[in-house]
Number of protein chains: 2
Amino acid sequence: MAEHKWTGCVKSLKGVILDMCGVLYDSGEGGGVPISGSIEAVKRLKESDLQLRFCTNETQATREKFVSKLQRMGFELSVSEVFPPAPAVAAILKERGLRPHLLVHDDVMPEFDNVDKTNPNCVVIGDAAEKFSYKNLNDAFQVLIGLEKPVLFSMGKGRYYKETDGLKLDVGVYMKALEYASEVEAEVVGKPSSMFFQTVLNDMGLQPHEVLMIGDDLVNDVGGAQQCGMKGLQVRTGKYRPSDERHASVTADGYVDNLATAVDLILKNRAQ
Amino acid sequence: MAEHKWTGCVKSLKGVILDMCGVLYDSGEGGGVPISGSIEAVKRLKESDLQLRFCTNETQATREKFVSKLQRMGFELSVSEVFPPAPAVAAILKERGLRPHLLVHDDVMPEFDNVDKTNPNCVVIGDAAEKFSYKNLNDAFQVLIGLEKPVLFSMGKGRYYKETDGLKLDVGVYMKALEYASEVEAEVVGKPSSMFFQTVLNDMGLQPHEVLMIGDDLVNDVGGAQQCGMKGLQVRTGKYRPSDERHASVTADGYVDNLATAVDLILKNRAQ
């Protein structure tokens with residue numbers, strides 16, 4: 001059926017990358033709740049012959065704490081399979097000898113424990129949520145405007161995400177704010193950066209055309225993966241909105257109701 | 001001298017428009033302090049044959065309170081000579097039957113007393129300063145994303161302004177944030193909007209080429225005035241930074257150390 005013509009590609013697939021928030025679970029009070037059918041869907045993928053990785057722009061916790069939360073919800077996954085932006089940024093800072101002023105969530109701070117933060121010569125922002133106060137944004141701006149060559153890292157560039165009590169502004173909104181204030185272009189670490197997706201592909205040892213990305217964010221998950229040469233599926237959960245299916249610049253290779261349906265179609269079509 | 005070749009135009013001038021914050025005074029704790037020489041400079045302009053108006057993007061007070069503050073500092077000016085964005089926005093809202101969700105400074109709220117704010121169908125932002133919390137920005141975003149045709153008004157689009165204790169983020173930064181989050185283009189009411197400058201010219205009954213704008217903001221004061229057909233002078237006070245003099249897209253007709261110097265040169269050259 002036309003609705004699922006993307007399934008034509010699944011026989012040649014060797015791996016799947018899953019976005020997490022909005023695909024596996026909805027975030028919110030108490031850490032969030034699993035999306036119906038997604039725990040079983042992850043289990044089925046793990047039992048298949050497909051490689052599986054998780055690629056997230058989550059920056060409200062260390063990788064360890066984040067994975068523990070998902071495990072407590074019932075998901076089978078391990079720290080080494082999960083790729084968030086913070087460890088990637090910490091590595092870049094060390095490599096380039098940069099000392100960050102951090103505007104990030106308190107719970108992700110430990111990822112930067114071993115990074116020199118004295119006399120900052122760059123700014124790193126993540127999804128700081130309530131910490132995005134006028135004062136804190138102004139402090140970050142003052143660091144940037146005081147640098148001869150301002151450097152701003154943004155861990156992702158999402159517009160918003162869905163919590164159980166509604167849509168919430170994501171880090172990309174504050175990235176745009178600081179870019180405008182300081183006349184600087186941020187370096188995005190996280191989806192949709194091709195370099196970020198490539199790190200995951202390298203870890204799998206696969207070529208882009210052998211891998212399918214599944215996410216709820218049309219631009220950052222689907223569009224980012226497509227720019228990298230992968231196929232991209234959008235699930236109609238999480239931050240999905242019907243208007244995504246008539247977006248001006250990104251068209252997903254397929255749209256499915258949720259992860260359970262996607263995995264069902266993938267495995268059924270591979271078995272044929 | 002080449003430094004002041006802009007003075008060639010002053011003989012044909014019929015009016016001057018002054019920006020206020022950063023030209024007349026520096027804002028900050030306790031309302032701010034006058035910039036040296038500016039009280040006397042305003043007095044000299046008033047005593048001259050030039051028409052004088054004040055055009056400001058100030059949105060932290062009602063026009064009446066704002067003018068009182070300046071009068072207490074020693075400036076000779078009256079409410080009818082001062083053009084800020086809030087009364088202009090209130091008029092537009094009434095004209096177009098729009099009901100705003102307001103994210104503005106508490107002290108400017110009375111300007112919207114007579115505007116219907118129930119069941120909002122647009123968002124108005126001003127320089128809300130500390131009120132630009134994550135929660136308040138998220139509330140404004142939720143109104144916009146819930147509208148079929150989101151409408152956002154921004155009272156000015158400045159990047160930052162100078163207070164006595166340093167540079168502070170201005171409303172334009174949050175305009176960019178909401179534009180990105182909601183995929184909407186804001187309607188700017190205030191400088192550098194040509195429509196806004198035109199209101200002041202209409203009040204003076206003058207043509208653009210007969211009027212000189214003096215401000216500390218290269219893009220919003222000088223660039224905006226130039227786009228409208230006026231000459232624009234930048235003062236090296238307030239938010240002025242030396243890099244403004246090699247800006248990529250806006251070049252002022254002249255740069256002067258402060259308002260006192262500008263007025264001195266204007267009056268001296270007119271007398272010759």
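So you know, we letter chains A, B, ... as the sequences are listed, proteins then strands, and number each from 1.
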Looking at B/Q226, I want to see if its CD is surrounded by more than 12 non-hydrogen atoms of other residues, nucleotides or ligands under 6.0 Å. yes
CG of A/L169 to CG of B/L178, rounded to nearest 0.5 Å, is 7.0 Å
Ignoring hydrogens and geometry, is there a side-chain-to-backbone donor-acceptor pair from B/N138 to A/L167 under 3.5 Å? yes
Is it the side chain or the backbone of A/E130 that comes within 4.5 Å of chain B heavy atoms, both, or neither? both
Report, as yes or no, whether the 6.0 Å neighbourhood of atom NZ on A/K65 holds more than 12 heavy atoms from other residues, nucleotides or ligands. no
I'd like to verify something: which residue of A/K157, A/K135, A/E179, A/M175 has the highest number of heavy-atom pairs under 4.5 Å with chain B? A/K157
Tell me, yes or no, whether the heavy-atom count around B/E185 atom CD, taken from other residues, nucleotides or ligands under 6.0 Å, exceeds 12. no
Measure distances from A/S182 to the heavy atoms of chain B and classify the residue's part below 4.5 Å as side chain, backbone, both or neither. backbone
For the CD atom on B/Q142, are there more than 12 heavy atoms of other groups (residues, nucleotides or ligands in this structure) within a distance under 6.0 Å? yes
What option among A/R241, A/K131, A/K176 has the most heavy-atom pairs under 4.5 Å with chain B? A/K176
Would you mind checking which part of A/Y160 comes under 4.5 Å of any heavy atom in chain B, side chain (CB onward), backbone (N, CA, C, O), both or neither? side chain
For B/Y180, which atoms come within 4.5 Å of any heavy atom of chain A: side chain, backbone, both, or neither? both
Salt bridge or not between A/E183 and B/R159? Use side-chain N to carboxylate O under 4.0 Å. yes
For chain B, find which of A/S243, A/A181, A/A177 contributes the most heavy-atom pairs closer than 4.5 angstrom. A/A181
Using non-hydrogen atoms only, which part of A/Y174 is less than 4.5 Å away from chain B: side chain, backbone, both, or neither? side chain
Quick check: do A/K168 and B/Y134 have side-chain heavy atoms less than 4.5 Å from each other? yes
Select, from B/A129, B/G166, B/S133, the one with the greatest count of heavy-atom pairs under 4.5 Å involving chain A. B/A129
